[in-house]
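Naming convention: chains lettered A, B, ... in sequence-line order (proteins, then strands); numbering from 1 in each chain.
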Amino acid sequence: MNNTGLKNDQIIALVDCNNFYVSCERVFNPRLHGIPVAVLSNNDGCIVSRSNEIKALNIPMGAPGFKYEALINQNGGELLSSNYALYGDLSSRVMDVLSKFSPDLEIYSIDEAFLGLTGMRTQNWEEWGHWLKRAVYRYTGIPVSIGISRTKTLAKIANHHAKKIAAYRGALCILDEHRIDEALKRIKTADVWGIGRQYEKFLKQNKIETALQLRNADDKFIKHYLTMVGYKTVLELRGYACIDIEEAPRAKKSIVSSRSFGKQVSDLQELEEAISSYVTLSAEKLRDQKSVAGHMMVFLSTNRFKEGPQYNNSISTSLFPPTAYTPELILQALELLRELWLPDFEYKKAGVMLSNIIAEEDVPLSFLEANYLDDKRGELMRAIDKLNRLHGRDTVKYASSGIAQKWQMKQARLSPSYTTRWKDIPKVK
DNA sequence: TCTGGGGTCCTAGGACCC
DNA sequence: TCTGGGGTCCTAGGACCC
């Protein structure tokens, strides 16, 4: 809740990249324009980004790729592996452009940002939105949609319409009551930010189907059944800002690294390699935000879509003193894994979660155990992180992560890393 | 053959204490 | 006969987000 909790004169824009991963692929591969294109999740599993042509074929979000491969091919389309190096890089370019338009920028996800516009002067916000949209496209090649209103939740709704209704040409501003009512009337509760499938179902049973009906719902009823979180959503629909723009990203309270394997894995040693890679990744993220973890969990599971004996289990340990020293974390994780592992199962996925995360400087003093940051171990981590940042991930890696890595995920349809790897830079002939 | 990965917040209920 | 009531901390599970 912000300080006032009162109806406000804020102006907030939500900028959302259209079909982001597909749009990234199209920036460097013009052949993909105008044909159905979908991008798959890790391990070439589910469809996580769809071009409009894919949506027109009624292929749902999250569907397993293999089920729709034939249909996509028949329509001259393409299925691609996800290329996060590319998307991450294009995302920062988009955010960079946005930061020139307002100092008040919250990067909400890889393809979305809120812009605080309060205090800016313009006669026509929609015109301003179209101008911003053109600028982002010109500098990055990424098409975006822009919604402008009084609260984040309302800006999301404006954005939704801007994207869906062609006449708005990608930007919509809803500030006066009449326009807000019109926008809310035309949106289902499930399309409201904060209302998911369960709440939609529940609300429908109670004759609340549109955002407008939700906004007008009884306070007590909402608080009781949708908790305070849902109540804040309703207040936001009424124009009371409850969710502030956060310019600085908050430190993570938990960090998970997990992957499905490219094949079934039974062998303990292969699992050890995987776990050790995941720990390495998690610890890097931990040090990136200048934190240490006080708790670690390792988990392991079989393929839930396959017949046969299932095993799905986890085991955890406390870390004292809390640490981000990779070798120590690997040691502990492997110990946990050996306890967790049972022979004769075909494993499909494993992972590591670090939690009880605190800032480096908040590590309690201990007479028994020195803080890793204060001795050679800290120096080592800083040196390795620097090398990997400079020369690419895994320039320096741990022997326990293995060389062969036969369990690695499948990425059969990966596009080149046009912007982040020298040898993949497109050549102009 | 082939079904992702990474987060947050809130609440209820149990354990424990006085 | 009569079986309190409040506080805190922790965890598991459920809702949501991208």
Side-chain angles (χ1 to χ4, degrees), chain A residues 1 14-17 19-21 38-49 59-70 72 79-84 87-88 91 106-114 152-153 156 159-160 189-203 222-233 236 242-243 246 249-264 274 278 281-282 285-286 289 294-295 297 299 301-307 314 316 318 346 348-357 409-413:
Chain A
M1 193 81 60
L14 172 66
V15 181
D16 191 324
C17 301
N19 313 334
F20 183 55
Y21 298 170
V39 173
L40 296 164
S41 62
N42 273 330
N43 220 24
D44 291 347
C46 305
I47 290 172
V48 293
S49 181
I59 297 175
M61 186 69 170
F66 70 90
K67 281 195 183 164
Y68 290 95
E69 195 172 359
I72 292 170
L79 259 177
L80 299 166
S81 301
S82 41
N83 184 344
Y84 287 105
Y87 312 151
S91 171
E106 177 187 347
I107 298 173
Y108 179 69
S109 73
I110 194 165
D111 69 340
E112 267 178 72
F114 289 103
K152 282 182 164 181
T153 307
K156 276 261 189 188
N159 188 286
H160 181 94
T189 56
D191 292 328
V192 175
W193 192 39
I195 305 298
R197 287 241 297 281
Q198 300 305 314
Y199 285 163
E200 180 197 29
K201 211 170 116 194
F202 170 80
L203 290 169
I222 296 295
K223 270 190 226 171
H224 185 250
Y225 291 104
L226 272 65
T227 78
M228 276 309 289
V229 184
Y231 185 56
K232 279 189 193 179
T233 296
E236 285 246 331
C242 300
I243 310 169
E246 293 181 33
R250 278 187 279 182
K252 305 241 176 304
K253 296 173 177 175
S254 65
I255 292 173
V256 177
S257 298
S258 73
R259 294 281 183 284
S260 297
F261 305 130
K263 60 174 187 105
Q264 316 273 355
Y278 304 156
L281 237 172
S282 302
K285 291 185 197 165
L286 198 54
Q289 62 167 40
H295 195 257
M297 182 176 86
F299 54 92
S301 62
T302 48
N303 188 348
R304 68 182 198 282
F305 295 103
K306 216 175 156 187
E307 299 274 315
S314 68
S316 62
S318 299
E346 307 238 277
K348 184 62 181 172
K349 183 176 177 176
V352 176
M353 175 156 107
L354 300 176
S355 52
N356 288 10
I357 290 175
M409 66 180 177
K410 215 163 42 178
Q411 279 190 307
R413 314 140 189 275

For A/Ser257, what residues pass the side-chain contact (heavy atoms from CB on, under 4.5 Å) criterion, not counting sequence neighbours?
-> A/Tyr278, A/Leu281, A/Ser282, A/Lys285
side-chain contact (heavy atoms from CB on, under 4.5 Å) with A/Lys223: which residues, sequence neighbours excluded?
-> A/Met228, A/Tyr231
Output all residues satisfying side-chain hydrogen bond (donor to acceptor under 3.5 Å, both in side chains) with [X], sequence neighbours left out; order by chain, then residue number.
| X | value |
| --- | --- |
| A/Arg250 | A/Glu246 |
| A/Gln411 | none |
| A/Ser318 | none |
| A/Asn159 | none |

With the threshold set at 4.0 Å, does a side-chain nitrogen-carboxylate oxygen contact exist between A/Lys156 and A/Glu236?
->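 No salt bridge links A/Lys156 with A/Glu236.
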Per-nucleotide protein contact along nucleotides 2-8 of chain B, 5' to 3', at a 4.0 Å heavy-atom cut-off (B base, S sugar-phosphate only, - neither), is BBBSSSS
Take nucleotides 9-18 of chain C nucleotide by nucleotide from the 5' end and write B, S or -, depending on whether a protein heavy atom sits under 4.0 Å from the base, only from the sugar-phosphate, or from neither.
-> ------SSSS
Residues two or more places apart in sequence or in another chain: which of them pass ring-ring contact (aromatic ring centres under 6.0 Å, His included) with [X]?
| X | value |
| --- | --- |
| A/Tyr225 | A/Phe202, A/Phe221 |
| A/Tyr108 | A/Phe114, A/Trp193 |
| A/Tyr87 | A/Tyr21, A/Tyr84 |

Could you give the distance separating B/dC2 and C/dC18 at their C1' atoms, to the nearest angstrom?
-> 25 Å
Check DNA chain C for consecutive Watson-Crick or G-U pairs with both distances under 3.5 Å and list the runs of at least three as stems.
->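 DNA chain C stems, ordered by first number: B:5-18 with C:5-18.
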